[in-house]
Amino acid sequence: MTPPAVPAALHPVVAAFLADRTAVHAALERFGSPLHLVFPQVFDDNLAKLTGVLDRARCRSRIYYAHKVNRSAAFVRSAARAGIGIDVASGAELRSALEAGFTPDRVEITGPKGSSLLRAAVAAGVTINVDNLWELARIAELADTRVPVLLRLSGFPGSAPSRFGIDLGEVEAAFDLLARHPDRLALLGVAFHLDTASTQERVRAVGECLTVIERAYACGFTPSVLDIGGGLRQVFVADPAAYDAYDQALRAGLLGHGPALHWGTGSFGYHVADGVAHGTPVFHKYANTDSATDILTELLDAPLPEHGGRALSAVLADNLLDLWLEPGKALADRAGITVARVEFVKRAGTGATLVHLDLSRDTVTAADQEVLIDPLVLSEPGESAPAGVFFAGHLCLERDLVTQRQVRVTRIPDPGDPVVFPNTGAYHMDLSAATAAMHPTPPKVAVLHRDSRFELCDDEVWR
Ligand SMILES: *Cc1c(COP(=O)(O)O)cnc(C)c1O
């Protein structure tokens with residue numbers, strides 16, 4: 001049996017590029033393999049869709065693109081040109097934002113920060129999204145003018161414990177610090193970031209934040225911003241039924257009720273006991289069918305119980321609060337792909353077919369996940385003979401299997417065939433990428449669709 005296919009959702013611009021085999025081969029010949037391709041037009045399209053939702057809700061809002069999702073300079077420049085803000089989380093990201101033309105009032109710095117990063121942030125005059133009380137005190141020491149700060153809060157009832165943010169129980173101590181340094185610290189507002197698909201969880205966090213804002217007013221501060229972070233979801237699969245069919249076949253294999261689709265003793269987070277695969281698989285995010293715009297719409301329309309059931313967007317407008325968002329993956333969704341070439345194909349002792357590629361797993365997979373959308377093999381036209389294969393990486397490590405699951409291919413690829421990893425733009429291509437065994441990280445190239453042609457440009461110099 002060959003495994004069921006799990007086709008990826010492709011943006012029309014990316015689909016058109018992949019359909020133009022001459023363009024794909026030209027990219028590989030000019031820049032080599034493997035290659036990361038980013039599509040700024042898809043980024044723009046994602047941004048326009050989110051902006052559309054915010055405009056319809058009529059609340060004052062500002063989007064800060066979360067830079068950490070991708071190192072791409074083209075994405076940063078697209079965000080700068082669109083007039084939105086940027087959320088940076090390191091000194092290099094801060095420099096990248098300023099070089100792309102962001103003025104300090106459009107830059108927000110989040111994440112854990114040591115003294116040197118705080119010094120750079122204070123010197124640049126950007127807004128600091130404060131993670132903890134040490135940081136707040138340190139900013140007061142470093143500042144010589146008023147530094148705009150947001151208090152990142154955490155410890156919301158019903159949310160998973162977080163290593164980030166100021167616990168709700170520490171808010172009074174933060175207010176004390178702010179009150180002691182009115183000439184150095186300006187409380188712009190409060191913030192949170194929850195990596196969840198649950199609207200209910202975000203609504204609860206918003207409710208807690210509004211209470212903190214009321215307390216801040218009672219203490220004489222005048223915060224005007226509620227920053228709800230990122231976490232809006234991507235849609236990876238073209239057809240949710242295909243995902244379900246694959247998941248079912250995979251579980252049947254794990255239970256010994258069907259052919260094994262998994263490699264070795266891997267179980268993808270499933271725990272097999274009593275003839276059942278229990279638990280949540282590591283690839284569960286690929287099952288999502290709610291788009292970022294759906295999730296944002298639902299959130300803005302959600303009734304707030306402590307505010308007479310009025311919609312969240314209306315409560316913010318009533319209270320003259322600005323809504324800030326920090327989307328990362330929602331803006332990079334379907335805006336990046338990675339292309340590699342087949343080096344050779346071999347049969348393992350287990351009988352499995354291994355298609356060896358010229359890249360490693362960490363180049364297309366973030367951390368300990370397993371990608372549950374299929375790579376696309378761009379073979380020359382020929383006879384169809386479907387098969388299940390594992391894609392293997394070029395590192396001399398057992399764990400460097402690019403897919404630890406069998407993938408359906410229409411026939412066994414030949415050396416040199418391009419293999420496309422769809423939707424790698426958000427975290428997949430950059431977050432875990434290493435230079436193990438002295439392999440360089442792949443070059444990154446921006447692709448522009450213009451006059452029904454595709455123009456390629458080194459990502460670093462794209463304008
Ligand atoms: C990572 C991160 C984001 C972006 O998250 P996405 O899930 O990619 O939207 C936003 N804000 C903060 C503080 C983050 O750490």
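All ligand and atom numbering here is 1-based and tracks the order in the structure. Sequential numbering from 1 along the given sequence is applied to the chain's residues.
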Looking only at the side chains, is there a donor atom on one of [X] and [Y] sitting less than 3.5 Å from an acceptor on the other?
| X | Y | value |
| --- | --- | --- |
| N70 | Y65 | no |
| S96 | H67 | yes |
| D459 | S72 | yes |

Under 4.0 Å to a heavy atom of [X] - the qualifying atoms of ligand 1, by number:
| X | value |
| --- | --- |
| G328 | 4 (C), 6 (P), 8 (O), 9 (O) |
| D87 | 10 (C), 11 (N), 12 (C) |
| A66 | 3 (C), 4 (C) |
| G231 | 5 (O), 6 (P), 7 (O), 9 (O) |

Which is it for Y286 and Y243 under the ring-ring contact (aromatic ring centres under 6.0 Å, His included) test, yes or no, and what are the steps along the way? CA-CA 8 Å; Y286 298 95; Y243 170 96; 7.8 Å; no
Going by distance only, is there an N or O of [X] that falls short of 3.5 Å from an N or O of ligand 1?
| X | value |
| --- | --- |
| R152 | no |
| Y427 | yes |
| V69 | no |
| P327 | no |

Using a strict threshold of under 4.0 Å (side-chain N to carboxylate O), is an ion pair present between E93 and K68?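 A salt bridge is absent here (no side-chain N lies under 4.0 Å from a carboxylate O).
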Could D358 and R341 be called an ion pair, given the rule that one side-chain N must be under 4.0 Å from one carboxylate O?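 Looking at R341 together with D358, the answer is no, because their closest N to O distance does not fall below 4.0 Å.
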Evaluate H428 against F236 for ring-ring contact (aromatic ring centres under 6.0 Å, His included), listing each step before the verdict. CA-CA 12 Å; H428 292 62; F236 287 95; 5.8 Å; yes
If you have a sec, work out which protein heavy atom is nearest atom 15 (O) of ligand 1 and how many Å separate them, to one decimal?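 The closest one turns out to be K68 NZ, 2.7 Å.
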Could you tell me the residue and atom name of the protein heavy atom closest to atom 7 (O) of ligand 1, and the distance to it rounded to 0.1 Å?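 Protein heavy atom with the smallest distance to atom 7 (O) of ligand 1: K329 NZ, 2.8 Å.
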Indicate, as side chain, backbone, both or neither, the part of E326 found under 4.0 angstrom from ligand 1 when only non-hydrogen atoms are considered.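 It is both parts that get close, each with some atom under 4.0 Å.
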Yes or no: does A330 have any heavy atom under 4.0 Å from an atom of ligand 1?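 Distance cut 4.0 Å: A330 fails for ligand 1.
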Pi-cation contact, F283 with R405 (under 6.0 Å, within 45°):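 Checked: cation-pi criterion not met.
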